[in-house]
Amino acid sequence: MADKETQLVVIGGGPGGYAAAFLAADLGMNVTLIDPGENPGGVCLYRGCIPSKALLHAAKVIFESQDAEAMGLSFGGLKIDRDRLQKWKNDVVNKMTGGLGQLAKQKKIQHIRGEAVFEDSRNLRITTVGGNKQTLKFENAIIATGSYPAPFRGVEIESEHLLDSTSALDLNDIPKSLLVVGGGYIGLELGTVYAALGTKVQLVEMTPDLLPGVDKDLVRFVRQRVTSKFEAIHLQTTVKSMTARKKGIEVAMQGPQGEERSQAFDKVLVAVGRRPNSSGIGLENTRIETDQRGFIKIDGQRRTAESHIFAIGDVAGEPMLAHKATHEGRAAAEVIAGRKVVFEPAAIPAVVFTDPEIAWAGLTENEAKQKKIEVKAVRFPWAASGRAATLGRGDGVTKIVVEPGSGRILGVGITGPGAGELIAEGVLAIEMGANVTDVGLSIHPHPTLSETIMEAADVFQGTSTHFHAPKRK
Ligand code: FAD
Ligand code: NAD
């Protein structure tokens with residue numbers, strides 16, 4: 001006999017898990033949510049999206065005040081009260097997670113603070129945060145256990161100066177020097193934060209460019225900007241060894257021509273990807289399968305090989321993004337409620353919150369090339385945007401990837417300040433099956449950055465008002 005029974009158990013309280021639990025409760029289910037956190041939130045709210053964006057906002061304020069000198073505005077020397085900045089960031093997190101806790105109560109979701117392991121395909125064993133053990137029998141389950149930072153294989157050392165994204169976000173220190181290993185989302189976002197706070201940041205990326213896989217024309221402006229804000233960017237470079245020192249870490253690197261260099265840093269932040277939390281949760285006691293990267297195998301409805309158990313979010317595959325987790329979670333909850341639902345988005349947006357931001361949705365040019373899909377990519381440079389000029393930020397581009405015959409919008413890519421907000425229009429256009437005429441004829445307010453989307457659509461027709469790109473006969 002199990003200690004408790006539930007109609008639906010959700011394992012993991014991140015943006016996938018809590019969104020699933022909340023919708024299931026709204027749809028009338030009896031829901032139990034298991035997560036060790038004091039409140040729902042998971043990685044995204046406690047040690048991911050929210051604290052990083054809070055600190056990136058602080059970085060933006062710093063950079064904007066520095067850039068303002070070009071307008072004749074000078075704010076004097078920057079003083080950073082690290083304790084207050086840390087508290088402000090923690091307050092943001094606590095406000096958001098506290099709100100989720102309230103919502104869970106209002107929706108009568110039972111939150112068990114603990115970690116769950118499958119005993120079999122109908123029962124969980126839970127170890128609570130206080131160390132107690134209990135069992136729970138369930139009718140349906142949603143696995144939303146998320147992911148953890150990938151270990152830096154081959155270069156393992158023990159050092160208090162070695163950071164991962166979680167300890168870097170804690171902001172226990174503003175080091176004089178920082179080496180960031182990995183030029184992906186986390187390396188660039190957190191490197192930007194520390195560079196703004198005055199740390200001399202160097203970055204090592206093993207591939208030939210930052211953000212491998214992202215269209216090069218979108219990455220260009222970010223590369224230019226971080227090159228001016230970071231002390232050095234080492235591309236096609238690998239870390240050969242790290243040696244723990246009392247006051248930092250000595251790092252030996254090898255560059256593209258095999259050249260070797262060694263340098264000591266106060267801190268080293270390793271951000272070389274994330275791995276799914278699929279081991280240690282008792283999947284071997286069920287028929288649930290994982291792929292070779294550890295992601296749980298699921299079908300279009302997010303069902304695992306056990307038809308009453310679903311998996312969503314980072315543990316269920318790429319892209320490892322909060323909004324993808326949320327929408328998968330909501331789809332799974334609907335399926336369990338008996339609705340005929342499939343998770344089939346035409347576009348999952350991605351945003352790198354660097355300065356400038358990079359955002360894309362739908363088909364990218366890289367993907368089109370790989371899949372041999374014929375497309376026409378049209379671009380509107382922000383240098384031609386009135387709003388960008390007023391912001392002093394012509395370092396951006398808006399691109400639309402178009403199906404040549406029909407003019408249908410297949411993908412949108414944007415680089416520039418606020419690109420993360422602007423991309424939502426691209427998502428809507430793709431999901432609605434809009435073509436360039438629909439977007440070009442939709443009146444966008446002036447002067448705004450959103451006009452760059454309208455004008456990129458006009459570029460396809462060769463009729464952009466502010467950018468001369470006549471259609472080739
Ligand atoms: P998670 O948020 O990882 O939550 C999983 C939860 O499950 C955790 O609370 C964990 O403790 C719990 N858990 C694990 N095992 C068990 C168990 N056995 N029993 C009970 N509970 C368990 N994404 C974006 O879209 N935008 C961003 O700006 C962004 N910024 C990020 C910044 C950083 C620094 C990091 C690290 C990530 C960022 N991400 C961002 C990615 C985003 O955080 C994840 O995609 C998202 O959190 C995944 O949600 P999830 O619900 O799958 O799982
Ligand atoms: P990532 O996959 O984005 O980037 C890892 C980078 O490290 C890659 O560029 C890779 O080439 C490089 N790398 C790998 N091994 C290396 C080595 N030995 N030496 C040098 N470089 C190496 O991973 P991440 O930055 O750790 O972020 C993990 C995931 O978290 C992201 O993929 C994303 O899904 C999510 N995330 C999203 C956001 C956002 O949405 N804004 C922000 C942060 C994290």
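Both ligands and their constituent atoms are indexed starting at 1 by order of listing. It should be emphasised that the depicted structure is a prediction, and the values quoted were computed from it without experimental measurement. For the numbers below, each heavy atom of this structure counts, side chains included, while hydrogens, waters and symmetry mates do not.
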Proximity to ligand 2 by part of Val351, non-hydrogen separation under 4.0 Å
backbone
Check the side chains of Thr166 and Arg47 for a donor-acceptor pair under 3.5 angstrom, ignoring hydrogens and angles.
no
If hydrogens are left out, which of Ala350, Pro349, Pro51, Ala322 has an atom nearest to atom 23 (N) of ligand 1, that is, the closest non-hydrogen atom?
Ala322
Out of Ile186, Asp164, Leu203, the nearest non-hydrogen contact to atom 25 (O) of ligand 2 is supplied by Ile186
With heavy-atom distances below 4.0 Å as the criterion, list the atoms of ligand 1 near Gly13.
6 (C), 7 (O)
What I want to know is whether Ala116 and ligand 1 share at least one N or O pair that is separated by under 3.5 angstrom.
yes
Heavy-atom distances under 4.0 Å decide this one: backbone, side chain, both or neither, for Ser165 against ligand 1?
side chain
Using a 4.0 Å heavy-atom cut-off, say whether Lys53 meets ligand 1 through its side chain, its backbone, both or neither.
side chain
Short version for Leu321: what comes under 4.0 Å of ligand 2, heavy atoms counted, is side chain
Have a look at ligand 1 and work out which part of Pro149, if any, has a heavy atom under 4.0 Å from it: side chain, backbone, both or neither.
neither
Of the backbone atoms (N, CA, C, O) and the side-chain heavy atoms from C-beta on, which set of Glu189 has a member under 4.0 Å from an atom of ligand 2: side chain, backbone, both, or neither?
side chain
Would you say Val43 and ligand 1 have an N/O pair spaced under 3.5 Å apart?
yes
Only heavy atoms count here, so choose which of Arg153, Glu205, Lys53 is nearest to atom 10 (C) of ligand 2.
Glu205
Going by the 4.0 angstrom heavy-atom rule, the piece of Ile186 near ligand 1 is side chain
Which is it for Phe353 and ligand 1 at heavy atoms under 4.0 Å: side chain, backbone, both or neither?
side chain
Sub-3.5 Å donor-acceptor pair from the side chain of Asp164 to the main-chain atoms of Ser167, do we have one?
yes
Heavy-atom proximity to atom 2 (O) of ligand 2 ranks first, among Ala150, Gly273, Gly184, for Gly273
Under 4.0 Å from one or more heavy atoms of Gly313, ligand 1 contributes atoms 52 (O)
Would you say Asp314 has any N or O atom under 3.5 Å from an N or O of ligand 1, going by distance alone?
yes
Select one of side chain, backbone, both or neither to describe which atoms of Val272 lie under 4.0 Å from any atom of ligand 2, heavy atoms only.
both
